[in-house]
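Structure first, then comments.
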Amino acid sequence: MGNNTEITEVSEDLLPDTVADQLKQVQDTITALKQRETELKQRLVESTSDGKGFTTPSGVKVTYRRQPARLDTAKFTLAFPLESNPECYEARPLALSKLTKLKGLEALQEAGAVTETTGWTVSVK
């Protein structure tokens with residue numbers, strides 16, 4: 001990965017293909033940078049045994065914080081089934097696609113339960 005961090009403005013006269021290519025390059029660069037960030041953070045974690053932070057000679061402050069525990073929902077559901085542990089669960093509506101099949105989109109819209117989107121999602125791979 002190169003060190004090209006130059007930011008250029010998007011010209012109004014660029015063709016969509018060119019803009020898409022540039023967007024893909026930016027996304028690839030971001031992915032590579034995030035991966036490198038993860039690797040460097042892991043090296044810092046591996047280098048401490050006490051979790052105490054430090055400040056580098058150049059003034060960069062490093063702090064450590066334990067990540068909170070996470071619930072493995074699949075294992076939890078097996079160990080604590082809903083039928084015998086209802087207090088451990090909250091009711092939630094199904095996904096919109098499933099509710100549309102059950103109740104119909106019009107009924108959901110009449111109830112005000114559907115938010116219409118007005119924008120576009122762009123993805124480049």
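In this chain, residues are counted from 1 in sequence order.
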Shared hydrophobic cluster for L105 and L102 (ILVMFWY, side-chain gaps under 4.5 Å): yes
Pairwise salt bridge (charged side-chain N to carboxylate O under 4.0 Å, His left out) hits with a residue in residues 39-63, at least two apart: R36-E39, E37-K41
Donor-acceptor pair, side chain of T38 and main chain of K34, under 3.5 angstrom: yes
Linked, directly or transitively: L94 and L108 (ILVMFWY side chains, under 4.5 Å): yes
Side chain proximity check, L44 to F54, heavy atoms < 4.5 angstrom: yes
Nearest-0.5 Å distance, OG of residue S47 to OH of residue Y64: 4.0 Å
hydrophobic_cluster_shared for L71 and Y89, side chain cutoff 4.5 Å: yes
Contact check, side chains of L82 and T77, non-hydrogen atoms, under 4.5 Å: no
Any donor-acceptor pair under 3.5 Å from D72 side chain to K75 backbone: yes
Under the salt bridge (charged side-chain N to carboxylate O under 4.0 Å, His left out) test, residues paired with E90 that sit two or more places apart: none
Straight-line distance of D28 CG to K24 NZ, nearest 0.5 Å: 3.5 Å
Atom CZ of F80: over 12 foreign heavy atoms under 6.0 Å: no
CD1 on I30 to CD on Q25, rounded to 0.5 Å: 12.0 Å
Non-hydrogen side-chain atoms of V114 and L96 separated by less than 4.5 Å: yes
Residue pair L78 / P81: nearest heavy atoms and the distance that separates them: O-CD, 3.9 Å
Side chain proximity check, T29 to V26, heavy atoms < 4.5 angstrom: no
